[in-house]
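Here is the structure we will look at, set down as structure tokens.
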Amino acid sequence: MSEHPLRLATIDLAAVRHNVLAVKAVVGDADVMAVVKAGGYGHGAAEIARAAVTAGATWLGVADVDEGVALREAGLTEPILAWLHGPEAYFDVAIRYGIDVGVSSVAQLDAVAGAARRVAGDAVIDGAEALAGRPSGSEPAETPAVGRQTRDDHAATPARVQIKVDTGLGRNGAVEADWVAVFARAAELEAGGVLSVVGIFSHLSNASDDDDLEQLARFESAVEQARGAGLNPAIIHLAATAAALRLAETRLSLVRLGIGLYGLSPFDGVTSAELGLRPAMTLEGRVIAVKRVPPESGVSYGYTYRTTTESTLALVGLGYADGIPRLGSNRAPVWINGNTYTVTGRIAMDQFVVDMHDDAVEVGDRVVLFGDPAEGYPAVEEWAEAAETINYEIVTRIGPRFERRYLA
Ligand SMILES: *Cc1c(COP(=O)(O)O)cnc(C)c1O
């Protein structure tokens, strides 16, 4: 770890805590699930999870079981929900690590049940081994120690599932025609003691408030049907950041806070500051070469930029291999020594150029691509606009060559 790394993402955990508190103040009684999938949206899953929990998040959300396991191995003990599983999903691991799984079909319920029976079978074998391995002459154990019942400290018996219903997004979740079958199978497996349905959830399209409210109505009818089938899910949730902030009716028992946790806005044209949020990540590179060139000098591949006057060019050690979108060429802003410039010429794999004109710049100077606009840095949304995408994509694509540093 060098003192001045070539590529640095600084993550302000105080901003993350602030964002959780800000959202909690808006959502009132609803619990907050910190969504830390995709490496905490590029910010570091475990570090963000710990900060969010400190500020009062009581749940962690991830896409797949492996991401949940990584959180457990990093020492996080809060309830975790994972909702995206491949066709060969092997739920044994989720059960052993005490990770709730979102299930969308009868087939997934049956897969969880099979895994629960295998895990329970292993626990019995472990118990038998413990008895068989007892030194002769010792007293028979009155009851096997609790720790012998299951292989892992976190293992959940019965297995914990949350049923995902599709209320109109068209991604995963059981479609309405399958609700009866899914709820019936879940109730049967729950009655058999194999699994427990602790929650029911769905996800919104954010197409419009009207569309979201229509999904809410469908979701309420799904919850009613689930109860009619004998299920009693305690955790009922629908809203991600956007609806949590804007559609009070959707808050229910828990909101799944993703982008807002990182201090970024889920709404087009609405800034972080307008939502009372603080962007947590500052992304920077460094000037690695400086040169003075004559007018009409071509800059970078394809000469998509030429200097108009004698100019100072600063070379920055960041490129598209680091997740810096090539579409930002000749469009996206960078902060150097207190001023904002535009990337000049094509962004290459490892480097890009900034025409500084006659401004002073030295090798080693910091080049901030984005951070908190309140500190004078460009907003991540300016990069998103330059790259014709959304803030989510910019931060989640930050590459592995970046060093991440955390401000407590
Ligand atoms: C990613 C995700 C979220 C978080 O969404 P944000 O818009 O980032 O708050 C919530 N729920 C589900 C199911 C998700 O996949």
Side-chain angles (χ1 to χ4, degrees), residues 5-12 35 37-45 48 63 206 241 258-272 277 279-289 298-306 313-336 339-356 365-373 375-405:
L6 191 53
R7 311 171 188 92
L8 177 65
T10 305
I11 289 109
D12 183 355
V35 178
K37 62 190 179 187
Y41 289 38
H43 295 63
I48 296 293
N206 303 329
T241 302
I259 199 78
L261 183 57
Y262 310 96
L264 303 179
S265 168
F267 306 118
D268 253 1
V270 179
T271 66
S272 300
L277 301 174
M281 184 190 286
T282 305
L283 195 78
E284 65 186 87
R286 297 175 75 77
V287 173
I288 55 175
V299 173
S300 192
Y301 294 129
Y303 291 164
T304 61
Y305 180 85
R306 281 178 192 275
L313 299 182
L315 181 65
V316 181
L318 294 174
Y320 58 76
D322 302 303
I324 312 307
R326 190 166 170 275
L327 274 173
S329 303
N330 294 310
R331 293 178 171 182
V334 293
W335 175 105
I336 303 174
N339 294 311
T340 303
Y341 303 88
T342 302
V343 172
T344 37
R346 288 248 170 90
I347 294 173
M349 188 182 295
D350 314 293
Q351 46 195 305
F352 65 78
V353 175
V354 179
D355 184 350
M356 305 285 295
D365 283 348
R366 297 172 64 218
V367 180
V368 178
L369 278 64
F370 59 80
D372 187 346
E375 293 169 29
Y377 300 130
V380 66
E381 288 77 16
E382 293 173 66
W383 272 88
E385 197 183 327
E388 296 167 29
T389 183
I390 52 176
N391 48 12
Y392 294 69
E393 186 176 355
I394 298 292
V395 290
T396 52
R397 290 177 68 122
I398 297 308
R401 295 195 297 193
F402 272 95
E403 181 178 321
R404 283 172 182 73
R405 285 190 184 167

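Numbering starts at 1 and runs along the sequence shown. No experiment lies behind these values; they were computed from the predicted model shown.
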*Look at the aromatic rings of Tyr41 and Tyr262 and report parallel, tilted or perpendicular, splitting at 30° and 60°.*
parallel

*Between Arg366 and Val368, what is the shortest heavy-atom contact and its length?*
NH2-CG2, 3.6 Å

*asked:* Arg331 vs Glu388, test: salt bridge (charged side-chain N to carboxylate O under 4.0 Å, His left out). Steps then yes/no.
replied: CA-CA 11 Å; Arg331 293 178 171 182; Glu388 296 167 29; 3.0 Å; yes

*Give the intermediate values and the outcome of side-chain contact (heavy atoms from CB on, under 4.5 Å) for residues Val299 and Leu313.*
CA-CA 9 Å; Val299 173; Leu313 299 182; 3.9 Å; yes

*Rounded distance (nearest 0.5 Å) linking atom CD of Glu381 with atom CD1 of Ile390*: 10.5 Å

*For Val395 and Leu264, which heavy atoms make the closest approach, and how far apart are they?*
CG1-CD1, 4.0 Å

*Once you round to the nearest 0.5 Å, how far does CD1 of Ile48 lie from CZ of Arg404?*
10.0 Å

*Residues two or more places apart in sequence or in another chain: which of them pass ring-ring contact (aromatic ring centres under 6.0 Å, His included) with Tyr341?*
none

*After noting the C-alpha distance and the side-chain angles of Leu318 and Phe402, does the key distance pass the side-chain contact (heavy atoms from CB on, under 4.5 Å) rule?*
CA-CA 9 Å; Leu318 294 174; Phe402 272 95; 3.5 Å; yes

_side-chain contact (heavy atoms from CB on, under 4.5 Å), that's the test. Do Met356 and Ile336 meet it? Break it down for me._
CA-CA 9 Å; Met356 305 285 295; Ile336 303 174; 3.7 Å; yes

*For the side chain of Asn391 and the backbone of Ser265, is there at least one donor-acceptor N/O pair under 3.5 Å apart?*
yes

*Provide the closest heavy-atom pair for Trp335 versus Pro378 in the form atom of the first, atom of the second, distance.*
CB-CD, 3.8 Å

*Counting N and O atoms only, with roles assigned by atom type, does the side chain of Trp383 sit under 3.5 Å from a partner on the main chain of Pro333, one being a donor and the other an acceptor?*
yes

*Tyr320 backbone acceptor or donor facing Arg326 side chain under 3.5 Å*: no

*Distance from Ile398 atom CD1 to Ile324 atom CD1, nearest 0.5 Å?*
5.0 Å

*Ala280 to His43 - nearest heavy-atom pair and separation*: CB-CD2, 4.2 Å

*Starting at CG of Asp372, measure out to OG1 of Thr282 and round the result to the nearest 0.5 Å.*
7.5 Å

*Go through the steps to decide whether Arg405 and Leu8 satisfy the test side-chain contact (heavy atoms from CB on, under 4.5 Å), and finish with yes or no.*
CA-CA 7 Å; Arg405 285 190 184 167; Leu8 177 65; 3.6 Å; yes

*Which pair of heavy atoms, one from Gly371 and one from Pro373, lies closest together, and at what distance?*
O-CD, 3.3 Å

Would you mind writing out the side-chain donor-acceptor pairs for residues 345-354 within the sub-3.5 Å range, not counting sequence neighbours?
from: Asp350; atom 1: OD1; to: Arg401; atom 2: NH1; distance (Å): 3.2
from: Asp350; atom 1: OD1; to: Arg401; atom 2: NH2; distance (Å): 2.8

_Point-to-point distance, once rounded to the nearest 0.5 Å, from CZ of Arg286 to CG of Asp365_ = 8.0 Å

*Should we count CZ of Phe267 as having more than 12 external heavy atoms under 6.0 Å?*
yes

*Heavy-atom count around Arg306 CZ within 6.0 Å, excluding the residue itself: above 12?*
yes

*Within the side chain of Thr241, is there an N or O that forms a donor-acceptor pair under 3.5 Å with the backbone of Gly258?*
yes

*Taking Glu382 for its side chain and Ala379 for its backbone only, find out whether a donor-acceptor pair lies under 3.5 Å.*
yes

*asked:* I need the Leu327 CG to Thr389 OG1 distance, nearest 0.5 Å.
replied: 9.5 Å

*Does any N or O in the side chain of Asp322 come within less than 3.5 Å of the main-chain N or O of Gly319, such that one atom is a donor and the other an acceptor?*
yes

